[in-house]
Participant: 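I'd like to ask some things about the structure below.
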Amino acid sequence: MTEQACKLVNALTPGHDGTRVVATPPVGRRAEVVRDLLARPDYKPQVGEAAADGMVALAESLRIVFAAAAVGDLDTAATTVNVLLREMGSVPQLDRARGGGWALHFHGREPDLVVGWGAGIAAGLALAIGSDLAGRLGLCQADPCDRVFVDTSKNAGRRFCSTRCQSRMKAAAHRARQK
Ligand SMILES: [Zn+2]
């Protein structure tokens with residue numbers, strides 16, 4: 001779920017992706033962008049304009065969580081996640097897993113796209129922040145980029161959103177050394 005959180009933040013909140021300016025998808029195109037983001041081969045959600053706006057608002061809250069956690073401000077990250085958990089009414093539930101057995105999912109207070117996704121994502125972030133995985137929520141350090149990521153590296157030393165940003169910073173550092 002933290003991976004989905006990254007996807008939403010990176011596609012729906014304004015800022016920079018590398019050196020490219022990112023704008024929130026304009027009203028009228030939002031629903032399509034959100035639908036493509038969430039779709040999987042076995043899951044094609046119906047996304048209306050209101051739901052798309054709700055997803056943009058959710059992504060803005062999620063960005064606050066990532067940005068705070070990335071600088072070690074876990075108080076802000078935790079408070080923001082707590083608000084989301086309450087808003088979405090996240091409830092743990094065991095659902096039949098596809099391959100047999102049971103899987104733990106978090107459901108929202110009502111069968112609504114934003115609430116459902118928000119409930120699952122907020123619970124995923126709560127589990128990360130409440131464990132030693134808090135430091136795994138990151139914000140790209142390749143100025144001006146501000147895309148977010150989950151650090152799944154062994155040594156938890158990831159600093160950039162992508163290999164593209166990493167190479168750009170490496171090249172910049174190299175140029176700086178040569179001066
Ligand atoms: Zn980046």
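We count ligands from 1, going down the list as the structure has it; atoms in each ligand are counted the same way.
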Participant: Other members of the hydrophobic cluster containing Val21, with the 4.5 Å side-chain heavy-atom rule, please.
Facilitator: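 When side chains under 4.5 Å apart are linked, Val21 ends up in no cluster with other residues.
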
Participant: Checking side-chain polar atoms at under 3.5 Å, does Arg63 have a donor or acceptor matched by the opposite partner on Thr13?
Facilitator: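 Note: Arg63 and Thr13 side chains meet the donor-acceptor criterion.
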
Participant: Would you mind counting protein N, O or S atoms that sit less than 2.8 Å from the Zn ion (ligand 1)?
Facilitator: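 Those protein atoms number 4 in total.
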
Participant: Mark yes when over 12 heavy atoms from residues, nucleotides or ligands other than Arg98 sit less than 6.0 Å from its CZ; otherwise mark no.
Facilitator: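 No, CZ of Arg98 has 12 or fewer neighbouring heavy atoms, counting only those of other groups under 6.0 Å.
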
Participant: Which value, rounded to the nearest 0.5 Å, describes the distance between Asp95 atom CG and Trp102 atom CH2?
Facilitator: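 Those atoms lie 8.0 Å apart.
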
Participant: Less than 4.0 angstrom from a charged side-chain N to a carboxylate O is my criterion; do Arg164 and Asp17 meet it?
Facilitator: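 So Arg164 pairs with Asp17 through a salt bridge.
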
Participant: Are Glu32 and Arg35 ion-paired here, with the side-chain N under 4.0 Å from a carboxylate O?
Facilitator: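 Not counted as a salt bridge, because no side-chain N and carboxylate O are separated by less than 4.0 Å.
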
